[in-house]
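We count ligands from 1, going down the list as the structure has it; atoms in each ligand are counted the same way.
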Amino acid sequence: MGMDILSFSACFLIIFSKASIALDKISPSESLTDGTTLVSSDGSFALGFFTPGSSKNRYLGIWYNNIPMQTVVWVANRINPINDTTGLLKIESTGRAVLLGQNQTTVWSINSTEAAQNPILQLLDSGNLVVRDGKDGDSENYLWQSFDYPTDTMLAGMKIGWDLRTGLNRRLSAWKNSDDPSPGDLTYGVELQGNPQMVLRKGSEKYYRSGLWNGNGFSGVPNLRSNPVFDYDFVWNKEEVYYIYYLKNKSVMSRFVLNQTEKVRQRYTWNPETQTWKLFSFMPSDYCDTPGLCGANGNCDNSKLPACQCLKAFRPKSLERWNSSDWSEGCIHNKPLNCQRGDAFIRIERVKTPDTSHSWVNKSMNLKECRARCLQNCSCMAYTNLDIRGRASGCAMWFDDLIDIKQFQSFGQDLYIRVSASEAELKNKSEAKLAMIIATPIAVFLGLLVVIYYIRRRRRKLEDEVEERIENDQKNQGRSEDMDLAVFELGTIARATDSFSFHNKLGEGGFGPVYKGTLANGQEIAVKRLSKSSGQGLNEFKTEVKLIAKLQHRNLVRLLGCCIHGEEKMLVYEYMPNRSLDSFIFDQRRCKVLDWPKRFQIICGIARGLLYLHQDSRLRIIHRDLKASNVLLDSEMNPKISDFGMARTFGGDQTEANTNRVVGTYGYMAPEYAIDGLFSVKSDVFSFGILLLEIISGRKNRGFYHKNQSGNLIEHAWRLWKEGKPLNLADDFLAETGSLSQVLRCIHISLLCVQQHPEGRPSMSSVVLMLGSENELPLPKQPGFLFHKSPFEADSSSGNHGSSSKNEISLSVLEAR
Ligand SMILES: *[C@@H]1O[C@H](CO)[C@@H](O)[C@H](O)[C@H]1NC(C)=O
Ligand SMILES: *[C@@H]1O[C@H](CO)[C@@H](O)[C@H](O)[C@H]1NC(C)=O
Ligand SMILES: *[C@@H]1O[C@H](CO)[C@@H](O)[C@H](O)[C@H]1NC(C)=O
Ligand SMILES: *[C@@H]1O[C@H](CO)[C@@H](O)[C@H](O)[C@H]1NC(C)=O
Ligand SMILES: *[C@@H]1O[C@H](CO)[C@@H](O)[C@H](O)[C@H]1NC(C)=O
Ligand SMILES: *[C@@H]1O[C@H](CO)[C@@H](O)[C@H](O)[C@H]1NC(C)=O
Ligand SMILES: *[C@@H]1O[C@H](CO)[C@@H](O)[C@H](O)[C@H]1NC(C)=O
Ligand SMILES: *[C@@H]1O[C@H](CO)[C@@H](O)[C@H](O)[C@H]1NC(C)=O
């Protein structure tokens, strides 16, 4: 017994000491087995064996030690997993570290170049695993370090780039997926061809490049700027070329990682309050980050439509191709260059500098020397300062075609591009005019009367010209404001919606999920993330969105802009705090908020919005999916129709009156549309009629249930109408709050709208008139009893007729997935 207690406490002591005094290093006499870890001395990182995601394999890796969410930052045996828990890490007395796997096979090893007398393997507080000579104390004289062999994550203090002395190239490569740390085809590193720049590659394809380092940052990375979390630097000398960052506050965790599934490089920062990683930035972040999208001498500008523009003084090489959105052939000079007789340069502002593959730099030349040098060499097409800090210095030149220029609005740097002398003159002349206007008054003051007279005449002429120019400019600006839809960067949207987090999801519409977001300026937005299957070209998309944005009416939800990122397309709307109509009228408690006068006002608003779509807008939009959940309410309960133009844009070919892709919602679809795919403004009128019945009765057409009767809401309404007691349809409490004649009139109008034959249904303009007057109405004919005749009926309500509690489902959703 005594022995037992003794051995027990000894055992306990051993376990206890092992658990509390976590080791940060091992020497040749020790080893690390699966189940034990090394922990860096301040506890920030741990080294041990782990199993990623749903995989069954074991890997040796490093992760953040003091957060609950396992976040692996480095993996040793990423291509050679261990399939059981026999993994064992040890360091041999030669300084060679070995990882043994199943059946004692070596699955991974490191090769220290120099032999050490007393080698130790140590995990540092930075997350760096190093081999060093124990005799060296804490010196940074590492024989080997994991920072030289990064996997997918760049930690603070890690260099990404080249050691030119040894030829070591440290670059990141993504995990294949979250279950498999073996290298995917996404890599990120410094490329030296021409002049150094950071390049993200997908396989061999250049997927994104940073642009040249300009002292402050990279000319193409707007979100790399002074920030509270980290400092960064790019070192470029004879011995080394690398990018590095340092944390400003060591207790703030931030990591930089490649993500194969999203095909981006991301930076995450740990949020201790929510205990999650928050996306800080990512690249590429928009369409114009695609290298060479606009071809040679093109300039990609997200704020323009189309995004690809030729550089100033250039024109498309093939206009036809350019017009059809094929920009690959790029642009050529408006006027041919003439190097012998002398060319000139014009400045373009705020751009990401071109691809550096054909470039040349000199760190000590100034801009003037740079220009002279560029002018001398006929294949030099552009130049700029290499370093834009302070008074700017250095020289960078580009030869041959200029590839991958991106226009920024408030970032980037100036670039001087070579044009023919005559082209530059054109531009200079207009600048000279302005200078003259400033100079002329002095001449006037000093000159003789005749001269005054002469100059005055001339000045007037000049002023007229200038005024005309300013006017033109203003016109152009006005026009461009009118044309340009706000194009949001994906980063902005991701930040606004907390990376499309689940708790910001407002719902799922017919064309994709909708998220609530808050922009940096506090404005609330609703973001519709369109399903990727729309199969629509980017330009068509932009054109359509631009058209939709022009639809402005107080009963339509306002489109604020869009966001395009590769396959990803999003629409940004104003946010409606009261959500949708269905959340009120079908809710037993909240329906009381909407008394009859409010409901009538909502009905009139919807009618006006629909009328605008059908008639008053330039586009003639058929909504095709009008329903209670597509009517949103603002803070004052004014109705706003949403999702208009979506069917036109994403639902197939609008020019035909017959479609094989039926977009819409059961329960709201006109029979001719649901069955034959025929649609017209009158199918919208039908949906409006149903909506009216729902607003009056507070019950859904689909899933309508009445104890003694079969059939849907329309049938019920029709029966009551026939029996001469239509008011029984109305929600009980409406009778107390409303004018009965108005309720009756609305029931009457709704029955006119749901008539079987489209020709018999009134147009929306008649509906608006009917709502607003007391005139006598025609008698309604037999309504379209869609549900009994619908071919979809059998399988959609699965025999549960009349009592289905399913929510309405947009058909487009069913088809899109
Ligand atoms: C692990 O791998 C070895 C060979 O690499 C194989 O012989 C063994 O059966 C595997 N064990 C399991 C559990 O899959
Ligand atoms: C394990 O290694 C031993 C000795 O090398 C060998 O005889 C045996 O076949 C191996 N077993 C497996 C499953 O590979
Ligand atoms: C060690 O050297 C071998 C052979 O040269 C090589 O295959 C292996 O990748 C090297 N290991 C590391 C970690 O560099
Ligand atoms: C890639 O990013 C997505 C979304 O940000 C995330 O869900 C996923 O886990 C990431 N994949 C990896 C391998 O980190
Ligand atoms: C560093 O961050 C921690 C946690 O956010 C904070 O408590 C601390 O005050 C910060 N230190 C400095 C020097 O800003
Ligand atoms: C291309 O578009 C421009 C402007 O819209 C137009 O003036 C020109 O005629 C078009 N050219 C061709 C070949 O389609
Ligand atoms: C760079 O410019 C400086 C100053 O103009 C000049 O002395 C030097 O030779 C240039 N270097 C090269 C490689 O041309
Ligand atoms: C122009 O510069 C390029 C690149 O440095 C060089 O290869 C070429 O010889 C130069 N041409 C002339 C005429 O100096």
Assess Arg265 against Tyr207: is NZ or CZ under 6.0 Å from the centre of the six-membered ring, and within 45 degrees of the ring's axis?
-> no

From CA spacing to verdict: side-chain hydrogen bond (donor to acceptor under 3.5 Å, both in side chains), Ser40, Asp42 = CA-CA 6 Å; Ser40 67; Asp42 73 351; 3.3 Å; yes

Mind jotting down which protein residues get a heavy-atom contact under 4.0 Å with ligand 5? Chain and number order, please.
-> Asn249, Ser251

Close aromatic pair by centroid cut-off 6.0 Å: Trp398 and Tyr416 | no

Spell out, with a plain yes or no, whether Cys300 and Cys288 have SG atoms under 2.5 Å apart.
-> yes

Heavy-atom closest contact (Asn169 atom, Trp162 atom, distance) | ND2-CZ2, 3.3 Å

Here the atoms of ligand 8 under 4.0 Å from any heavy atom belonging to Asn377 are 1 (C), 2 (O), 3 (C), 8 (C), 10 (C), 11 (N), 12 (C), 14 (O)

One finds that the ligand 7 atoms under 4.0 Å from a non-hydrogen atom of Met365 are 2 (O), 5 (O)

Those atoms of ligand 7 less than 4.0 Å from some heavy atom in Asn362 | 1 (C), 2 (O), 3 (C), 8 (C), 10 (C), 11 (N), 12 (C), 14 (O)

Contacting atoms of ligand 7, where contact means under 4.0 angstrom from a heavy atom of Ser364 = 1 (C), 2 (O), 3 (C), 4 (C)

Centres of the Phe234 and Tyr243 rings: under 6.0 Å?
-> no

Identify, with sequence neighbours excluded, every residue that meets disulfide bond (SG atoms under 2.5 Å apart) alongside Cys563.
-> none

Tyr268 and Phe280 aromatic centres sub-6.0 Å = no

